[in-house]
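One structure is given below, encoded as structure tokens.
Numbered from 1 within each chain, the chains take letters A, B, ... in sequence-line order. Everything numeric here is computed off the predicted structure, so don't read it as measured data.
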2 protein chains.
Amino acid sequence: MEQLERIASLIGDASRMKMLWSLLDGRAYTATELSIVADASRQSTSMHLSKLVDAGLLKVNSQGRHKYYSFARQEIAYAIEAMSVLMPPPTQVSPVKPQPIKYCRTCYDHMAGSIGVKLLDRLVERHYLILEDDTPAITETGKKFFHDLGIDTMELLSLKRPFARACLDWSERRFHLAGSLGNVLLKKLLEEDWVRRVANSRALVITAKGKQCFLEVLGLAV
Amino acid sequence: MEQLERIASLIGDASRMKMLWSLLDGRAYTATELSIVADASRQSTSMHLSKLVDAGLLKVNSQGRHKYYSFARQEIAYAIEAMSVLMPPPTQVSPVKPQPIKYCRTCYDHMAGSIGVKLLDRLVERHYLILEDDTPAITETGKKFFHDLGIDTMELLSLKRPFARACLDWSERRFHLAGSLGNVLLKKLLEEDWVRRVANSRALVITAKGKQCFLEVLGLAV
DNA sequence: GGGACGATTCAATCTATCATGAACTGTCCG
DNA sequence: CGGACAGTTCATGATAGATTGAATCGTCCC
């Protein structure tokens with residue numbers, strides 16, 4: 001009960017509500033970006049965000065000098081959505097802002113962009129990987145899956161390099177698969193010609209074969 | 001957006017949250033009762049309640065010198081529930097307080113108690129009646145339904161007495177059917193021996209026949 | 001009528017909390 | 001290294017909003 005009051009009062013602030021509202025799209029935003037959408041100073045935004053993190057509503061990921069904030073759990077989004085239906089005049093959903101999508105590209109040595117994000121989402125959805133505190137761990141069925149793709153996960157686990165990491169994507173603002181698993185997966189997909197590198201660019205193109213394989217193997221329409 | 005902030009800030013107050021939390025059981029409470037659960041003075045409670053009513057979160061029904069407050073719409077309860085799952089330690093649902101149920105009894109000349117409440121609920125659920133601003137209106141299928149029970153609703157509609165009213169029940173704190181329709185319905189059920197009066201009391205007992213009929217005719221297990 | 005009681009209103013406080021400005025930490029990059 | 005930038009911390013105001021006491025209104029019931 002006391003907890004509920006605390007959470008309620010946290011949500012019951014105009015600035016914080018604006019931030020939470022922005023985060024509803026499921027992406028991660030930096031503190032400065034949130035200060036802009038909330039129309040508040042950087043200092044007070046920092047204060048608000050730390051309160052939200054303390055209460056377990058948001059989580060934060062450091063990426064260089066940036067800090068990316070996102071919902072700590074799905075339930076937060078549900079609660080905000082439930083509240084939004086209380087608004088008397090449902091003045092239509094705010095127009096979707098067209099956003100330049102970085103569809104498919106590499107991030108250092110692994111796949112990023114919306115494909116990278118969808119890929120990780122799907123791997124988790126199918127329980128090939130399990131996210132533990134944003135660090136992906138492989139399951140038994142996952143080992144089998146990667147083995148069928150021709151990837152020996154046992155070997156990767158013995159490397160010094162982290163086996164798998166969830167890397168925050170600067171364009172999608174969501175996680176994609178990094179670490180040695182992400183690296184090997186990219187190499188495999190290039191090798192199998194699911195995707196090809198574009199000259200002098202980090203962009204990738206998906207081949208016709210890749211399109212079909214993503215659908216067949218992972219149920220991903222790309 | 002602005003509306004959402006307003007609603008959020010309304011919910012984000014300890015006193016108001018306590019009141020809303022109490023109202024989650026779907027019953028109506030008086031201002032004084034809510035001031036007790038919220039541990040606030042009568043004056044400030046009154047202020048809080050008027051704010052909640054103005055915002056369309058609560059509705060109020062006057063009953064003599066009492067004012068009964070309850071959720072204006074179901075969505076309010078959903079939102080509160082959605083928030084409640086955000087509490088970090090799900091310290092079990094608060095123990096259900098045993099409440100003395102006034103199961104089945106009359107209220108002046110119609111049925112009240114939990115049966116009366118369930119009855120109205122079911123009639124509305126089956127679209128025999130439609131609640132418009134807490135005043136029940138009869139539908140075409142409703143006319144047929146009551147006709148099959150041997151009740152001529154056309155005749156009732158021509159009387160001076162209000163055809164149907166939603167009467168707030170002091171024990172259930174929810175609405176039951178009053179007005180001439182409620183009156184005739186009780187008379188019919190007594191006549192048909194679904195229920196019987198208890199001597200020197202407003203209590204009613206449901207007969208074996210009544211039990212079966214409530215189930216068959218209205219799908220009500222009593 | 002008259003007292004008891006539920007509920008509200010109003011003006012006068014009081015207080016929790018948000019915003020602000022200045023200073024500081026840590027990262028990036030030429 | 002040194003400047004630019006992201007983010008935070010701290011002490012100091014500023015203020016919205018809650019609380020309180022006194023007064024008022026309406027209903028109930030003897």
Whole-Å distance, A:L34 CG to D:dG7 C1', equals 12 Å

Whole Å only: how far is the CZ atom of B:R6 from the P atom of D:dG17?
-> 11 Å

When we call it a touch if two heavy atoms are under 4.0 Å apart, what does A:S15 touch: a base, just sugar-phosphate, or nothing?
-> sugar-phosphate

Sorted by position of nearest nucleotide on DNA chain C, 5' first, the leading residue of A:S41 and B:S50 is B:S50

Can you tell which of D:dT9, D:dA6, C:dA7 lies closest to the side chain of A:T32?
-> D:dA6

A:E5 CD to B:S15 OG distance, which is reported to the nearest 0.5 Å | 8.0 Å

Nearest-Å distance, CD (A:E33) to C1' (D:dC5)?
-> 14 Å

Contact under 4.0 Å: A:H48 side-chain N or O vs C:dA19 OP1/OP2 | yes

Would you kindly give the CD-to-C1' distance between B:Q43 and C:dA11, to the nearest whole Å?
-> 13 Å

Over how many whole Å does the gap from A:M47 atom CE to C:dT17 atom P extend?
-> 10 Å

For atom CD1 of A:I36 and atom P of D:dG7, their distance in whole Å = 10 Å

With a 4.5 Å limit on heavy-atom distance, are the side chains of A:V184 and A:T153 in contact?
-> no

Side-chain N or O of A:R16 closer than 4.0 Å to phosphate OP1/OP2 of C:dC18 | yes

Does a side-chain N or O from B:K51 land closer than 4.0 Å to OP1 or OP2 of D:dA18, or not?
-> yes

Could you give the CZ-to-C1' distance, from B:R65 to C:dG3, as a whole number of Å?
-> 11 Å

Close side-chain approach of A:L34 to A:H48, heavy-atom, < 4.5 Å | no

Backbone N or O of A:A31 within a donor-acceptor pair of the A:T45 side chain at under 3.5 Å?
-> no

Once you round it to whole Å, what is the distance between P of C:dA7 and OH of B:Y68?
-> 8 Å

Do the side-chain N or O atoms of B:Y29 get closer than 4.0 angstrom to the phosphate oxygens (OP1, OP2) of C:dA7?
-> no

Would you find more than 12 non-hydrogen atoms of other residues, nucleotides or ligands less than 6.0 Å from B:R42 atom CZ?
-> no

